[in-house]
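Side-chain atoms are counted along with the backbone in the values below, which use heavy atoms only and exclude waters and symmetry mates.
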Amino acid sequence: MTTPETNKPCECSSYSLLVLVHVNADGDKIWQQTTTGCAATTKRLFAPGHDAKLKSFLIKAGDGGHQLRRTTQDTVVDRGAARVAVDLGWGEVVREAIARTAGRGPVA
């Protein structure tokens, strides 16, 4: 008998990044955490359309020069957007898109 598949969080929900908002008078850096906004669950790696959502997030992060943070359980790994894209098999597509969008503004 096989174990039935259970829903798990969509993979794109494990990615976030920090955007520097400002440095206060004491020299403290104030950051804003930005995520994909995903709360979906799925039996697969990504909920429908969420691979595209993560690709878009990677492109915006790469364009802004931000490190991506992947959180799984109690482990956090920081990587550049291009490296995350390579790990997911999207390296060339994401690199080309980052080059096309270079300088269009911060991640929102």
Q. Can you check whether Val19 reaches His66 side chain to side chain, under 4.5 Å on heavy atoms?
A. yes
Q. Between Asp87 and Arg79, is any pair of side-chain heavy atoms under 4.5 Å apart?
A. yes
Got a second to check how far [X]'s [atom1] is from [Y]'s [atom2], nearest 0.5 Å?
| X | Y | atom1 | atom2 | value |
| --- | --- | --- | --- | --- |
| Ile98 | Asp63 | CD1 | CG | 7.5 Å |
| His50 | Ser56 | NE2 | OG | 12.0 Å |
| Glu11 | Leu54 | CD | CG | 7.5 Å |
| Leu88 | Arg83 | CG | CZ | 11.5 Å |

Any donor-acceptor N/O pair, [X] side chain to [Y] backbone, under 3.5 Å:
| X | Y | answer |
| --- | --- | --- |
| Asp26 | Asp28 | no |
| Thr101 | Ala97 | yes |
| Lys53 | Gly37 | no |
| Thr36 | Cys12 | yes |
| Lys55 | Trp90 | no |

At their closest point, which heavy atom of [X] faces which heavy atom of [Y], and how far apart are they?
| X | Y | result |
| --- | --- | --- |
| Gln33 | Thr35 | NE2-CG2, 4.0 Å |
| Cys38 | Ala40 | SG-N, 3.4 Å |
| Lys29 | Leu20 | CB-CD1, 3.7 Å |
| Leu17 | Ala61 | CD2-CB, 3.4 Å |
| His22 | Asn24 | CD2-N, 3.9 Å |

Q. Is a salt bridge present between Asp78 and Arg70, judged by a nitrogen-to-oxygen distance below 4.0 Å?
A. no
Do [X] and [Y] belong together in a cluster built from hydrophobic side chains that touch within less than 4.5 Å?
| X | Y | answer |
| --- | --- | --- |
| Leu58 | Val76 | no |
| Val86 | Val84 | no |
| Ile59 | Phe46 | yes |
| Phe57 | Leu45 | yes |
| Leu68 | Leu18 | no |

